[in-house]
Amino acid sequence: MSAPNNSYDPVEVNALHPDEVARMRQEALDAIARASSLEELKEVRIAHAGDRSPLALANREIGALPPAARADAGRRVGGARREISEALKARQAQLEDERDARVLVEEAVDVTLPYDRIPHGSRHPLTTIGERMADIFVGMGFEIAEGPEVEAEWYNFDALNFLPDHPARTMQDTFFVAGPNGGESGMVLRTHTSPVQVRAMLDRELPVYVVVPGRTFRTDELDATHSPVFHQLEGLVVDEGITLAHLRGAIQVFVEQMFGEGLRTRMRPSYFPFTEPSAEVDMECFVCRGASVGNPDAPCRTCSSEGWIEIGGCGVVNPRVLVAAGVDTERYSGWAFGLGIERTLMFARGVKDMHDMVEGDVRFTAAFGMEM
Ligand code: FA5
């Protein structure tokens, strides 16, 4: 800034001349009006309202004017700068509004468009329910055991106390594997997961607490409730002092964890060559809890208004099986159970027809979602 100079006339100082101030003001207002984006407006702000803008430089000259001329020049320059500042503010708001409106249009999301161009797959409900069933026993301390699907007849039948003329061995139920030249091979597609009982006892140190989820095969026609290929979950306990009461307890825990607390279970006498005594296990219907029995006004589709649902077979391991597996029957006893996984899925999830489980239509699988 120059020192005050009494002979200094603002009209003589070019930058402070009213016409010059008016020109600078107009130039700034025109530039502001022309700015078509926030970036451009930023440049305009620096050029016309910044520290080195013509009006800011003119403002510095005021101090050098004779005192009498300062007020007039100050009003003139200050007024122009205020107007420019307000115009900048107004244009800024206008451009921000325009940008917001544009963003709303450009970045709009059409929520009606299909959201999933590559749909996520889902695991098959048989897999997830089988894992859930097995997990409950793993939670009780059981290990998972496995065995081959193509199995020696000895494991599938003989070691399990099926006599040679047992009906299950006939061509009706069993897929026999042909040997060389079409002769007998001594191998079958396992008809149940029970041969893994014998394998587990032979392979492992006692005591044994295992569950065996696995694929099984029978010469059944595919219909609403049967499939030639299906899945079972086998359970086996061999330990000292094991009784039927432990079996009842384990089944009770399984049913309550899988289907709901407080559901009762019961056993009905049955027959399997490899357990003695043998039983069928029922659980109280988890949908009606028995309320539909004798009540035609409130029928239950899950239990057919019987109040109970059959979940599988079980029993105390026949000592002949223990002997076949080299277990000391004086010291050890055990129990076993076998549950059908397809049948469990049917009543647990209301699947009416087993065809749905094998046909591979993704709409069936997807309906169950991504259960882990
Ligand atoms: C057995 O297979 C015995 N191994 C179960 C067992 C194990 C008993 C341990 C005692 C001790 P069963 O033939 O009843 O039993 O079959 C068991 C379950 O498999 C049935 O309850 C049913 O849920 C299922 N199942 C049998 N055949 C088929 C089929 N063709 N399609 C779908 N599920 C089937």
Side-chain angles (χ1 to χ4, degrees), residues 21-59 76-136 231 257-260 286-287 301-302 341-342 344-372:
V21 172
R23 190 192 61 75
M24 291 190 282
R25 167 188 163 279
Q26 194 55 48
E27 204 171 274
L29 294 179
D30 289 349
I32 291 168
R34 269 198 314 274
S36 60
S37 68
L38 288 163
E39 292 70 33
E40 272 180 44
L41 190 66
K42 193 173 167 194
E43 309 265 302
V44 170
R45 185 190 308 281
I46 293 166
H48 294 278
D51 287 348
R52 309 218 38 88
S53 64
L55 277 166
L57 295 176
N59 197 47
R76 200 160 43 242
V77 174
R81 295 182 84 192
R82 233 182 341 274
E83 257 188 278
I84 290 166
S85 156
E86 271 157 28
L88 276 168
K89 217 159 99 186
R91 186 72 183 134
Q92 173 87 17
Q94 203 178 12
L95 287 171
E96 281 176 2
D97 286 350
E98 280 175 24
R99 180 206 52 199
D100 291 349
R102 204 170 46 245
V103 164
L104 279 179
V105 173
E106 284 170 3
E107 297 181 11
V109 176
D110 182 352
V111 292
T112 64
L113 287 175
Y115 70 97
D116 221 359
R117 272 189 266 171
I118 305 173
H120 293 292
S122 350
R123 301 173 75 216
H124 197 282
L126 271 180
T127 311
T128 50
I129 202 167
E131 284 179 3
R132 231 173 119 204
M133 291 163 75
D135 275 354
I136 292 173
H231 299 78
Q257 289 200 9
M258 188 84 192
F259 297 102
F286 59 97
V287 176
R301 281 187 294 169
T302 304
I341 297 179
E342 277 77 359
T344 307
L345 181 64
M346 289 186 91
F347 68 75
R349 302 277 183 267
V351 179
K352 292 278 162 285
D353 194 327
M354 220 172 263
H355 285 90
D356 290 334
M357 297 182 203
V358 298
E359 280 172 352
D361 187 330
V362 290
R363 287 171 299 181
F364 170 71
T365 304
F368 291 90
M370 188 49 133
E371 196 182 331
M372 299 304 283

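Remember, it's a predicted structure, so these values are computed and weren't measured experimentally.
Residue Asp97 qualifies as enclosed at atom CG: its count of foreign heavy atoms under 6.0 Å is above 12.
Of all heavy-atom pairs between Phe347 and Thr302, the closest is O-CG2, 3.9 Å. Contact detail for Thr365 and Arg123: the closest heavy-atom pair is CG2-O, 3.4 Å. The two residues Arg91 and Ala35 have their closest heavy-atom pair at NH2-O, 2.7 Å. What you find for Phe286 and Ala348 is that their closest heavy atoms are CZ-CA, 3.9 Å.
Residues satisfying the side chain to side chain donor-acceptor pair (under 3.5 Å) test with Glu86, not counting sequence neighbours, are none. Partners of Asp361 under the salt bridge (Lys or Arg N to Asp or Glu O under 4.0 Å) rule, at least two apart in sequence or in another chain, are Arg363.
For the residue pair Gln92 and Glu96, a side-chain donor N or O sits within less than 3.5 Å of a side-chain acceptor on the partner.
Between Asp353 and Phe364, the closest side-chain pair of non-hydrogen atoms is not below 4.5 Å. Residues Arg132 and Ile136 have side chains not in contact (no heavy-atom distance under 4.5 Å, counting atoms from C-beta outward). Using a 4.5 Å heavy-atom cutoff, the side chains of His48 and Ile32 are not in contact.
Screening residues 25-43 for salt bridge (charged side-chain N to carboxylate O under 4.0 Å, His left out), with sequence neighbours left out, gives Arg23-Glu27, Arg25-Glu83.
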